[in-house]
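Here the structure is a predicted model, which means the values were calculated and not measured.
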Amino acid sequence: MKLTSQMIKDKAAELGIDCIGIGNIERFKKAPELMSPLTYFPEAKSVIAIAMRIPRGTYRGIEEGTHWHNYTFYAYNKLNTLFRPKKTYEMCCFIEDHGWEAVAHYPAVPEGEGTTKKPVAPGKVPPDVACSVRIIAAGCGLGEVGYSKVFLTKKFGPRVRLGLIFTDCELEPDPIMDTGDICLHCGACVKECPGNAVPPLKEKEKRLYVDFNGEKEIWYGDVRMGRCTLTHHGFNNEISPFHKKDFPNMAFDVRNSEMTEEEAYILCYSMARAKWPRKPESPSVMQYYDYILGHTGYFAICGARGCIRACMNALEKSGRTENVFHNQFYRKESWLLPNAPESVSQGVNPFREKYLDEKYPGIRENEYTMAGIKEEEEDK
């Protein structure tokens with residue numbers, strides 16, 4: 001049964017898909033084997049990329065420093081795992097109703113997959129293969145990979161989450177955008193990232209290039225993903241009041257850390273799920289992270305201060321996004337917390353010490369002094 005790019009785009013509009021782009025498979029023939037659509041659908045002829053908007057209001061609570069749930073739920077985890085996949089599923093059904101196979105792709109982290117398992121048979125690559133949804137989407141003409149590696153569309157700027165479909169139907173492709181068609185390369189993401197994860201624009205050696213099989217070359221910044229992950233998952237005191245609450249004396253310098261992305265994931269998730277029986281009120285080491293993980297399966301804490309909030313503000317002010325608002329996003333200067341401890345504990349167990357000092361004043365006298373030394377010093 002005949003199926004055209006226009007028919008797919010009309011169906012996307014009917015389904016409520018916000019943005020759609022289509023690429024031919026030839027553009028991705030130079031993709032690394034473990035990140036290629038052809039690795040798990042060798043007969044694919046076309047790639048469809050879709051984007052669903054992130055409502056701008058999901059950032060308001062974090063911008064005000066008063067509410068974190070919305071960003072994790074509506075702007076990140078459930079948009080990636082529930083709201084957008086329902087549209088992808090319906091589009092796949094539409095394609096298959098026309099007799100063409102449709103392979104939906106989950107937006108996994110490609111570098112974290114396919115490295116610890118043996119191939120299922122000789123000649124096969126190790127599972128699990130995962131494409132970079134942002135690079136593939138750029139190759140479909142959906143938008144461009146911005147300097148901070150966040151994907152940008154003309155309609156919503158950085159406020160999107162992406163999905164991919166591979167099909168054996170040959171479709172008319174959309175043109176690939178040039179680097180800079182949307183991104184201003186203004187440095188707002190560099191300046192406002194609380195993890196110092198985005199390299200300065202002048203450091204041209206810290207750019208990554210992608211060649212779509214000779215048709216177009218794009219580039220973006222080589223983001224320090226360890227710093228990004230530590231900040232995103234709340235290990236950065238400057239952007240997370242929860243980490244500072246549970247570890248008031250820890251002043252880990254995320255901005256100058258050298259941790260890899262995988263190490264950062266291990267640290268953040270281990271901390272978020274850890275228990276400690278002597279901790280008062282709750283045994284959860286990171287109480288809020290454990291709570292929000294249990295409710296949403298994820299914990300996005302940073303609110304994308306540089307890569308999305310500062311970026312969307314710059315694009316909106318420059319008129320580069322089509323979705324316009326009556327009021328500007330920033331109403332006042334954005335907050336940051338000091339990394340240094342507000343007061344340094346001189347004891348061993350701050351929970352115990354606080355409790356005893358409040359309930360039994362004076363009971364801990366001389367706990368951290370050596371008997372006799374103070375008196376001898378006073379006599380001199």
**Q** Does a side-chain heavy-atom distance below 4.5 Å link Ile22 with Glu172?
**A**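 No, too far: nothing below the 4.5 Å cut-off.
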**Q** Do Lys45 and Glu26 sit within salt-bridge range, that is, some charged N less than 4.0 Å from a carboxylate O?
**A**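 A salt bridge is absent here (no side-chain N lies under 4.0 Å from a carboxylate O).
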**Q** Under the side-chain contact (heavy atoms from CB on, under 4.5 Å) rule, what do Tyr76 and Thr81 come out as? Steps first, then yes or no, please.
**A** CA-CA 8 Å; Tyr76 215 100; Thr81 63; over 6 Å; no
**Q** Verify the distance criterion only: is there a donor paired with an acceptor across the side chains of Asn323 and Arg159 at less than 3.5 Å?
**A**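 Yes - a donor-acceptor pair under 3.5 Å links their side chains.
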**Q** Looking at Glu258 and Arg224, is there a salt bridge between them, counting it only when a charged N and a carboxylate O are closer than 4.0 Å?
**A**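 Yes, charged N to carboxylate O under 4.0 Å.
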**Q** Please find out if less than 6.0 Å separates the ring center of His232 from that of Phe299.
**A**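 They do not qualify: ring centres at least 6.0 Å apart.
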**Q** Considering only heavy atoms from C-beta outward, does the side chain of Glu144 approach that of Thr179 to under 4.5 Å?
**A**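 They are in contact (side-chain heavy atoms under 4.5 Å apart), so the answer is yes.
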**Q** Taking the side chain as everything from C-beta on, heavy atoms only, tell me whether Thr167 gets closer than 4.5 Å to Val103.
**A**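 A side-chain contact under 4.5 Å is absent here.
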**Q** Between Arg84 and Thr88, do the side chains contain an N or O donor and an N or O acceptor separated by less than 3.5 Å?
**A**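 Distance-only check passes for Arg84 and Thr88.
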**Q** Name the orientation class of the two ring planes belonging to Tyr147 and His185 (parallel below 30°, tilted from 30 to 60°, perpendicular beyond 60°).
**A**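 Tyr147 vs His185 ring planes: perpendicular.
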**Q** Kindly indicate, with the supporting measurements, whether the criterion side-chain contact (heavy atoms from CB on, under 4.5 Å) is fulfilled by Ile48 and Leu171.
**A** CA-CA 9 Å; Ile48 302 164; Leu171 300 167; 4.1 Å; yes
**Q** Got Leu337 and Pro241 here, is their nearest side-chain heavy-atom distance under 4.5 Å?
**A**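 Yes - at least one pair of side-chain heavy atoms lies under 4.5 Å apart.
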**Q** Kindly say whether the aromatic ring centers of Trp68 and Phe242 come within a distance under 6.0 Å.
**A**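 For Trp68 and Phe242, the ring centres are under 6.0 Å apart.
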**Q** Can you check side chain to side chain donor-acceptor pair (under 3.5 Å) on His69 and Tyr74, steps first, answer last?
**A** CA-CA 8 Å; His69 297 60; Tyr74 289 106; over 6 Å; no
**Q** Are Glu64 and Lys332 within salt-bridge range, i.e. N to O under 4.0 Å?
**A**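 Lys332 and Glu64: salt-bridged.
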**Q** Could you tell me if Glu263 and Thr260 have a donor-acceptor pair between their side chains, going purely by distance under 3.5 Å?
**A**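 Yes, a side-chain donor-acceptor pair sits under 3.5 Å.
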**Q** Classify the ring geometry between His295 and Tyr291 as parallel (under 30°), tilted (30 to 60°) or perpendicular (over 60°).
**A**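 Judged by the thresholds at 30° and 60°, the geometry between His295 and Tyr291 is tilted.
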**Q** Salt bridge between Lys206 and Asp222, side-chain N to carboxylate O under 4.0 Å?
**A**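 The answer is no: the pair does not qualify as a salt bridge.
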**Q** Charged N to carboxylate O below 4.0 Å: is that the case for Arg56 and Glu316?
**A**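 A salt bridge links Arg56 with Glu316.
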**Q** What is the ring orientation for Tyr71 with Tyr59, classed by angle as parallel under 30°, tilted 30 to 60°, or perpendicular over 60°?
**A**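 Judged by the thresholds at 30° and 60°, the geometry between Tyr71 and Tyr59 is tilted.
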**Q** With the side chain counted from C-beta on, respond yes when Leu315 and Cys186 share a heavy-atom pair under 4.5 Å apart, and no when they do not.
**A**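 Answer no - side chains too far apart.
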**Q** Start with the C-alpha gap between Val160 and Met52, add the side-chain angles, then the distance that decides, and say whether side-chain contact (heavy atoms from CB on, under 4.5 Å) holds.
**A** CA-CA 5 Å; Val160 290; Met52 296 299 296; over 6 Å; no
**Q** Whether the Tyr289 and Ser240 side chains hold a donor-acceptor pair (N or O, under 3.5 Å, no angle test) is what I'd like checked.
**A**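 Note: Tyr289 and Ser240 side chains meet the donor-acceptor criterion.
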**Q** I'd like to know if Asp18 and Lys155 make a salt bridge, using a cut-off of under 4.0 Å between side-chain N and carboxylate O.
**A**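 No salt bridge links Asp18 with Lys155.
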**Q** Parallel, tilted or perpendicular: which describes the rings of Tyr40 and His105, with under 30° parallel and over 60° perpendicular?
**A**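 Rings of Tyr40 and His105: parallel, as their planes differ by under 30°.
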**Q** Using a distance-only test with no angle check, is there a side-chain donor-acceptor pair under 3.5 angstrom linking Lys154 and Thr321?
**A**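 Per modelled atom types, Lys154 and Thr321 side chains form no pair under 3.5 Å.
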**Q** Taking 4.0 angstrom as the limit, do Arg331 and Glu63 come out as a salt bridge?
**A**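 Salt bridge between Arg331 and Glu63, a charged N being under 4.0 Å from a carboxylate O: no.
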**Q** Would you call Lys275 and Asp290 a salt bridge, using N to O less than 4.0 angstrom?
**A**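 Looking at Asp290 together with Lys275, the answer is yes, because their closest N to O distance falls below 4.0 Å.
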**Q** Can you check side-chain contact (heavy atoms from CB on, under 4.5 Å) on Ile135 and Phe28, steps first, answer last?
**A** CA-CA 10 Å; Ile135 293 175; Phe28 309 109; 5.9 Å; no
**Q** Within 45° of the ring axis of Phe329 and under 6.0 Å from its six-membered ring centre, is that where the NZ or CZ of Arg309 lies?
**A**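 Pair Arg309/Phe329 does not count as cation-pi.
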**Q** Salt bridge between Glu215 and Arg27, side-chain N to carboxylate O under 4.0 Å?
**A**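 Arg27 and Glu215: salt-bridged.
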**Q** Have Gln6 and Asp10 got a donor and an acceptor in their side chains that come within less than 3.5 Å?
**A**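 Yes, because at least one side-chain N or O of Gln6 sits under 3.5 Å from a partner of the opposite role on Asp10.
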